[in-house]
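Data first, discussion second: the structure below is written as structure tokens.
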Amino acid sequence: MSDTATTAPGLRHADPARWRALVFIALAQLMVVLDATIVNIALPSAQQDLGISDGNRQWVVTAYALAFGGLLLFGGRIADLWGRKRTFVLGLVGFAAASALGGAATNEAMLFGSRALQGAFGALLAPAALSLLAVMFTDAKERAKAFGIYGAIAGGGGAVGLILGGFLTEYLDWRWTFFVNIPFAVVAAAGAYFVIREPEGGRNRSPLDIPGVILSTLGLVALVYGFTRAESEGWSDALTIGMFVASVVLLATFVAVEARVASPLLPLRVITDRNRGGIYLSLGLAIIAMFGLFLFLTYYLQIVKGYTPVKTGFAFLPMIVGMITGSTQIGTRLMTRVAPRLLMGPGFLVAALGMLLLTQLEIGSSYAALLLPAMLLLGLGMGTAFMPAMSLATQGVEPRDAGVASAMVNTSQQVGGAIGTALLNTIAASATTSYIADHIGTAGTRSQQELVQLEGLVNGYTSAIWFAVGILVVAATIALTFVNAGKPDMSAVTGAGEGAEEAVPVPVVAH
């Protein structure tokens with residue numbers, strides 16, 4: 001569709017540069033998603049180079065996760081207050097500076113600090129990007145295309161990060177996994193500054209809810225850190241339990257405060273809406289399964305099959321192809337014709353079928369016969385489900401709430417990722433330990449003992465993948481029962497909330 005295409009009735013003053021703006025928004029989203037996996041590939045090299053101990057290496061990942069997860073709601077509210085374009089550009093510039101600091105790190109403290117800064121600026125960037133899409137693309141067909149592209153990047157970018165991380169680490173240096181963010185950020189920031197025209201009237205200029213900021217940030221940090229610590233220290237660790245208790249108390253207090261203050265950080269109307277609540281929950285569950293899968297397949301391919309980092313990255317290509325196809329072809333074409341739940345529910349079930357195939361993993365499993373079809377199904381299912389979910393999560397929301405609604409999408413994904421990594425890794429480790437203990441006694445030679453250990457690893461992966469299958473089935477059930485929005489009404493368009501006279505209107509969703 002061209003920039004000068006006729007808009008739907010009532011869609012006044014649609015930005016003629018919106019499709020060019022989408023390029024820079026998508027580029028920024030790709031950078032953030034890439035960073036989530038690209039650093040994991042480089043971690044062993046960085047650890048050796050900087051002399052980071054095994055006990056401290058987790059902080060390369062944890063420092064980012066805590067800052068990003070803890071500050072997302074604050075970042076979303078800042079976008080509503082300052083303006084999404086301004087917040088978006090600031091987030092990109094800060095992310096680039098933090099990446100430069102990480103690439104130039106000379107000790108572990110400098111590296112950990114740069115990762116925390118990346119997370120903080122990412123928490124500004126991610127909700128601003130999604131809310132810009134929400135307020136710039138409001139015609140149902142255009143929205144479907146825009147969110148199809150965004151959903152494909154959000155889903156497939158992690159796998160692309162594995163390929164890029166493998167190349168950079170293997171052929172250049174681990175520092176380039178940080179430096180590579182700089183050109184992404186500079187191009188996206190420059191393009192956003194000159195191209196994006198944020199619709200007027202959608203700002204939320206209410207005073208900042210400081211108690212809400214403090215409670216939500218501390219509560220989310222405690223929750224993410226609790227799951228991160230559980231992975232390394234165990235679920236019975238006193239500090240792990242303390243973090244979970246603290247997060248429950250802090251987040252419960254946060255909800256109580258938000259229900260009473262005049263200008264809440266997170267208006268409860270955003271999450272109590274049946275459709276948005278169902279999407280946040282089902283997306284979070286799906287991400288739990290996806291993060292576990294990335295973790296186990298990466299280990300399986302490198303440790304059991306002996307793949308190099310680059311070859312491992314390319315092994316994930318079928319999943320990327322599936323996600324792009326599911327998001328930009330299936331989801332985009334059907335989103336304006338069927339109710340979102342009829343894409344999300346079946347999408348998660350198709351992904352569960354792909355995951356079910358992976359429960360048959362063995363040491364000698366064929367990539368072409370088992371892993372390739374499983375990854376294609378996973379990609380198709382997730383891509384088909386993610387696209388309508390991300391669109392509906394911000395559709396119909398008042399313009400002044402677009403930032404925090406977008407932040408909730410990212411929060412559900414971030415918390416889901418922390419849970420998935422910790423929960424499924426714990427299940428896998430327990431199953432592996434049990435298998436080796438039961439079978440090592442019958443292994444007489446060294447080669448037989450090594451074989452038992454590899455079999456134990458694979459047994460652990462498949463045990464955890466069975467849980468992931470169940471989680472995806474639950475996500476599908478929630479999507480089919482909670483999400484009751486009908487297909488978008490292609491003719492009726494209305495404004496929403498304060499500033500609707502000036503803001504780009506939002507399509508009515510038929511029930």
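Note: hydrogens, waters and symmetry copies are ignored here, and every other heavy atom, side chains too, is used. None of the values given here were measured: they were computed from a predicted structure.
Looking only at side-chain heavy atoms (C-beta outward), Leu353 and Phe348 stay at 4.5 Å or farther from each other. Side-chain contact between Leu357 and Leu370: present, with at least one pair of heavy atoms (C-beta onward) separated by less than 4.5 Å. With contacts defined as side-chain heavy-atom distances shorter than 4.5 Å, the pair Leu50/Trp174 qualifies. Leu168 places none of its side-chain heavy atoms less than 4.5 Å from the side chain of Asp173. Side-chain contact check for Ser216 versus Leu265: some heavy-atom pair is nearer than 4.5 Å. By the 4.5 Å heavy-atom criterion applied to side chains, Met382 and Val350 are not counted as neighbours. Looking only at side-chain heavy atoms (C-beta outward), Leu111 and Thr106 stay at 4.5 Å or farther from each other.
Summarising the geometry, atom OG belonging to Ser114 is positioned 5.0 Å from atom CZ belonging to Phe178; distances are rounded to the nearest 0.5 Å. Atom CG of Leu133 sits about 9.0 Å away from atom CD of Gln29, to the nearest 0.5 Å. Between atom CG of residue Leu297 and atom CG of residue Leu358 there is a gap of 5.5 Å, rounded to the nearest 0.5 Å. Here Leu372 contributes atom CG and Met319 contributes atom CE; the two are 10.5 Å apart, rounded to the nearest 0.5 Å. Atom CZ of Arg333 is separated from atom OG1 of Thr384 by 12.5 Å, given to the nearest 0.5 angstrom. Leu392 CG to Met344 CE: the interatomic distance, rounded to the nearest 0.5 Å, is 7.5 Å.
Heavy atoms only, all atoms of each residue included: Leu90 and Phe121 are closest at O-CD2, 3.9 Å. Across all non-hydrogen atoms, the minimal contact from Ser99 to Asn181 is OG-ND2, 3.1 Å. Across all non-hydrogen atoms, the minimal contact from Lys85 to Ile196 is NZ-O, 3.1 Å. Between Leu480 and Pro346, the shortest heavy-atom distance links the atoms CD2-CD, 4.3 Å. Contact between Ile287 and Phe386 at its shortest, heavy atoms only, is CD1-CZ, 3.7 Å. The two residues Thr87 and Ala79 come nearest to each other via the heavy atoms OG1-CA, 3.4 Å.
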Check your understanding: So Leu72 and Leu220, side-chain contact (heavy atoms from CB on, under 4.5 Å) or not? Walk me through it.
Key -> CA-CA 9 Å; Leu72 271 168; Leu220 288 170; 5.6 Å; no

Point to revise | Pair Leu283-Val409, side-chain contact (heavy atoms from CB on, under 4.5 Å): steps then yes or no | key: CA-CA 8 Å; Leu283 265 184; Val409 176; 4.0 Å; yes

Point to revise | Test side-chain contact (heavy atoms from CB on, under 4.5 Å) applied to Trp176 and Leu172, step by step | key: CA-CA 7 Å; Trp176 282 96; Leu172 289 173; 3.8 Å; yes

Practice item. Apply the test side-chain contact (heavy atoms from CB on, under 4.5 Å) to residues Leu124 and Leu92: give CA-CA distance (whole Å), side-chain angles for both, the deciding distance (0.1 Å), then the verdict. Key: CA-CA 9 Å; Leu124 286 177; Leu92 282 166; over 6 Å; no

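Between Tyr367 and Tyr307, the ring planes are tilted. Angles from 30° to 60° get that label.
Remark: side-chain polar atoms of Ser327 are not paired, donor with acceptor, to backbone N or O of Ile324 under 3.5 angstrom. Side-chain N or O atoms of Asp80 include one that pairs as donor or acceptor with a backbone N or O of Val404 at under 3.5 Å. Checked by atom type and distance alone, the side chain of Lys305 never pairs as donor or acceptor with a backbone atom of Tyr300 at under 3.5 Å. The backbone N or O of Leu130 sits nowhere less than 3.5 Å from a side-chain atom of Arg84 that would complete a donor-acceptor pair.
For Ala407, the side chain to side chain contact (heavy atoms under 4.5 Å, CB included) criterion is met by Leu73, Pro127, not counting sequence neighbours. When the side chain to side chain contact (heavy atoms under 4.5 Å, CB included) test is applied to Val321, the partners found at least two apart in sequence or on another chain are Thr325. Applying the side chain to side chain contact (heavy atoms under 4.5 Å, CB included) test to Tyr64 and every residue at least two apart in sequence or in another chain returns Val32, Asp35, Phe68, Phe95, Arg115, Gln118.
Within 6.0 Å of CZ on Phe467 lie no more than 12 heavy atoms contributed by other residues, nucleotides or ligands.
Checked against Leu281 for a side-chain contact (heavy atoms from CB on, under 4.5 Å), the options Val474, Ile478, Ile271, Val483 give a single hit: Ile478.
Between Trp59 and Tyr225, the ring centre distance stays below 6.0 Å.
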